[in-house]
Amino acid sequence: MEETRAYRPNWVFRAAMVLLCMVLVLTYITAGLLAKYAAMGTGQDQARVASYDVTANMPAFETEIPVVLKPGESKEYTFTITNSSEVAVQMQAALQTEGNLPLKIEHQKGTAESGNWQTLTGNIQTESGTTCTWSDPLAAGDVEEQTYRIRISWAENCSEYQYANGVEAVKLTITASQID
């Protein structure tokens, strides 16, 4: 009689198959993770510099200097700042006197056509004169124009003889810088 052998699985063979499957699965997972960090790519970009165009129109400052101002009188100067830039601009202005005469300085923003003027800030008195400063943002994009008015007048109750033949220098400094 023929002897039949019962099939007994080989445990070593099974363990080797399980390990082989695990190695294949881990290789697939590891290859996916490494591909994220080892990938290469190319790109291209272009940029241009934005235009910067800020102008000041101050006709009165060019034609009416020097100015004679007597007690009780006042003088107004109007100027316009125009931002035609592609960037937003912060305009800063400073008006300074030397303090030789008792002048009162008002600066306002608005339009002459409408008559609506908004006072920006008050005077700051110092030993060396009067300093008035203000700043105003000018938006980017379309042309933005802001009109400002400066009114210089004698301070009230200051008409003493000591101011006769006095000379005062008034300096207006305008700075425009890009807002980031």
Side-chain angles (χ1 to χ4, degrees), residues 33 35-156 158 163 166-180:
L33 285 175
K36 290 181 186 177
Y37 301 107
M40 291 182 58
T42 59
Q44 190 175 13
D45 195 10
Q46 292 181 337
R48 66 176 190 83
V49 176
S51 71
Y52 185 83
D53 182 18
V54 179
T55 56
N57 183 13
M58 298 186 254
F61 289 91
E62 297 167 1
T63 59
E64 298 181 16
I65 307 274
V67 174
V68 176
L69 193 62
K70 299 173 189 160
E73 294 181 343
S74 66
K75 187 69 179 171
E76 289 183 2
Y77 297 97
T78 303
F79 63 97
T80 304
I81 305 294
T82 305
N83 181 19
S84 303
S85 303
E86 295 176 344
V87 295
V89 173
Q90 182 73 27
M91 187 277 301
Q92 296 176 321
L95 190 83
Q96 296 174 318
T97 68
E98 294 179 357
N100 298 330
L101 297 176
L103 298 179
K104 179 182 174 188
I105 300 173
E106 301 173 57
H107 45 291
Q108 302 166 328
K109 173 182 167 181
T111 59
E113 293 82 26
S114 67
N116 295 330
W117 293 96
Q118 169 193 4
T119 301
L120 295 174
T121 61
N123 294 339
I124 300 170
Q125 298 289 337
T126 63
E127 289 182 14
S128 61
T130 301
T131 302
C132 306
T133 59
W134 71 95
S135 66
D136 205 14
L138 301 172
D142 295 334
V143 175
E144 182 175 354
E145 186 173 283
Q146 296 290 344
T147 302
Y148 301 93
R149 177 172 72 181
I150 298 171
R151 180 180 294 157
I152 301 173
S153 59
W154 278 83
E156 296 178 16
C158 289
Y163 299 121
V167 176
E168 181 68 84
V170 179
K171 178 183 176 184
L172 175 64
T173 305
I174 299 173
T175 306
S177 56
Q178 179 180 339
I179 299 174
D180 292 329

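- Side chains of Asp136 and Lys109 form a contact here, defined as non-hydrogen atoms less than 4.5 Å apart.
- By the salt bridge (Lys or Arg N to Asp or Glu O under 4.0 Å) test, Lys171 pairs with no residue at all, sequence neighbours left out.
- In this structure, CZ in Arg149 is found 6.5 Å from OG1 in Thr78, a value given to the nearest 0.5 Å.
- If you take OG1 on Thr55 and CD1 on Ile81, they are separated by 7.5 Å, rounding to the nearest 0.5 Å.
- To the nearest 0.5 Å, the span separating CG on Leu138 from CD1 on Ile179 amounts to 7.5 Å.
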Pair up each side-chain donor or acceptor in residues 84-93 with any protein partner under 3.5 Å, not counting sequence neighbours, and list the distances.
| unit_1 | atom_1 | unit_2 | atom_2 | d |
| --- | --- | --- | --- | --- |
| Ser85 | OG | Asp53 | N | 2.6 |
| Ser85 | OG | Asp53 | O | 3.3 |
| Ser85 | OG | Asn83 | OD1 | 2.9 |
| Glu86 | OE1 | Arg48 | NH1 | 3.3 |
| Glu86 | OE1 | Arg48 | NH2 | 2.9 |
| Glu86 | OE1 | Ser51 | N | 3.3 |
| Glu86 | OE2 | Arg48 | NH2 | 2.9 |
| Gln90 | NE2 | Ser135 | OG | 3.2 |

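- Applying side-chain contact (heavy atoms from CB on, under 4.5 Å) to Met58 and the options Phe79, Tyr148, Tyr77 leaves one that passes, Phe79.
- Note that CD1 of Ile152 is 6.0 Å distant from CG of Leu95, once rounded to the nearest 0.5 Å.
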